[in-house]
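Here is the structure we will look at.
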Amino acid sequence: MSPIEARIRERHATVHALLAQGHGIREIARELHMGGNTVRRTARAAVPEELLSGRRQPRTSQLDPYKPHLDKRWAAGFTNAIHLHAELQELGYRGSYQTISNDLRPRRRRRIRVVAPAPPGVRQVRAWGPSVQPLALSS
């Protein structure tokens, strides 16, 4: 159970317990530091599941039918959103480039980036001592 779900269930039980004791909506809202509409909505719900319905249901997107193609192309190493947008348009996609770019953004963040170590600084090279001669640049 997520923390939000636990909080909703706890709030539902508290509101219904206070209502059963005869407290009013405004009094409960003031006591629990909640908005009046939130207390009303919680009071109307017979079970906490009514308050939880509709959550975590992602919206459908124009991109959904084309996501398998995007997954396949990404796995093959094609990560350029402009080229992928052009490919999807040939397949019938009518959405925007930005939708594709937004869909690819989390994938880019998950990629492991190998960063080369920084070259030694001037102070570090000077600390090596006079035995190290600078390389002569050929012209």
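Values in this document were obtained by computation on a predicted structure and should not be read as measured data.
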Side chains of residues 74-84: which donor-acceptor partners sit under 3.5 Å, not counting sequence neighbours?
| from | atom 1 | to | atom 2 | distance (Å) |
| --- | --- | --- | --- | --- |
| Asn80 | OD1 | Ile82 | N | 2.9 |
| Asn80 | OD1 | His83 | N | 3.3 |

If you measure from [atom1] on [X] to [atom2] on [Y], what distance do you get to the nearest 0.5 Å?
| X | Y | atom1 | atom2 | answer |
| --- | --- | --- | --- | --- |
| Leu88 | Arg94 | CG | CZ | 11.0 Å |
| Ile100 | Arg105 | CD1 | CZ | 12.5 Å |
| Ser101 | His85 | OG | NE2 | 10.5 Å |
| Leu70 | Lys67 | CG | NZ | 8.5 Å |
| Leu63 | Asp103 | CG | CG | 5.0 Å |

(message) For the backbone of Thr99 and the side chain of Asn102, can you confirm whether one donor and one acceptor N or O come within less than 3.5 Å of each other?
(response)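 Not at all, since once roles are kept as given, no pair shorter than 3.5 Å links the two residues.
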(request) Ignoring hydrogens and angles, tell me if any N or O in the side chain of Tyr66 forms a donor-acceptor pair with the backbone of Gly92 under 3.5 Å. (result)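 Side chain of Tyr66 to backbone of Gly92: a pair is present.
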(request) Quick one: which residue pairs count as a salt bridge (Lys or Arg N to Asp or Glu O under 4.0 Å) with a foot in residues 68-78, not counting sequence neighbours? (result)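 Output for this query lists Asp71-Arg107, Arg73-Glu87.
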(request) Any pair with a residue in residues 30-42 that passes salt bridge (Lys or Arg N to Asp or Glu O under 4.0 Å), sequence neighbours left out, goes on the list, sorted by first then second residue, please. (result)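 Matches after skipping sequence neighbours: none remain.
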(request) Could you tell me which residues satisfy side-chain contact (heavy atoms from CB on, under 4.5 Å) with Pro120, sequence neighbours excluded, listed by chain and number? (result)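 Per chain and number, Pro120 pairs via side-chain contact (heavy atoms from CB on, under 4.5 Å) with Gln124, Val125, Trp128.
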(request) Indicate if Leu104 and Leu91 have the same hydrophobic cluster label, given that clusters are the connected sets of ILVMFWY residues with side-chain heavy-atom separations under 4.5 angstrom. (result)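 Yes, Leu104 and Leu91 fall within the same hydrophobic cluster.
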(request) May I ask whether Tyr97 and Tyr93 are part of the same hydrophobic cluster, defined by side-chain heavy atoms of I, L, V, M, F, W, Y residues being less than 4.5 angstrom apart, directly or through others? (result)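 Unlinked, Tyr97 and Tyr93 end up in two clusters.
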Result block: side-chain N/O donor-acceptor pairs under 3.5 angstrom for residues 12-29, not counting sequence neighbours:
| from | atom 1 | to | atom 2 | distance (Å) |
| --- | --- | --- | --- | --- |
| His12 | NE2 | His16 | NE2 | 3.0 |
| His12 | NE2 | Ala45 | O | 2.8 |
| Thr14 | OG1 | Glu10 | O | 2.9 |
| His16 | NE2 | Thr42 | O | 3.1 |
| His16 | NE2 | Ala45 | O | 2.9 |
| Gln21 | OE1 | His23 | NE2 | 3.3 |
| His23 | ND1 | Glu27 | OE1 | 3.4 |
| His23 | ND1 | Glu27 | OE2 | 2.9 |

(request) Tell me, please, which residues at least two apart from Arg11 pass side-chain hydrogen bond (donor to acceptor under 3.5 Å, both in side chains). (result)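 For Arg11, no residue satisfies side-chain hydrogen bond (donor to acceptor under 3.5 Å, both in side chains) once neighbours in sequence are set aside.
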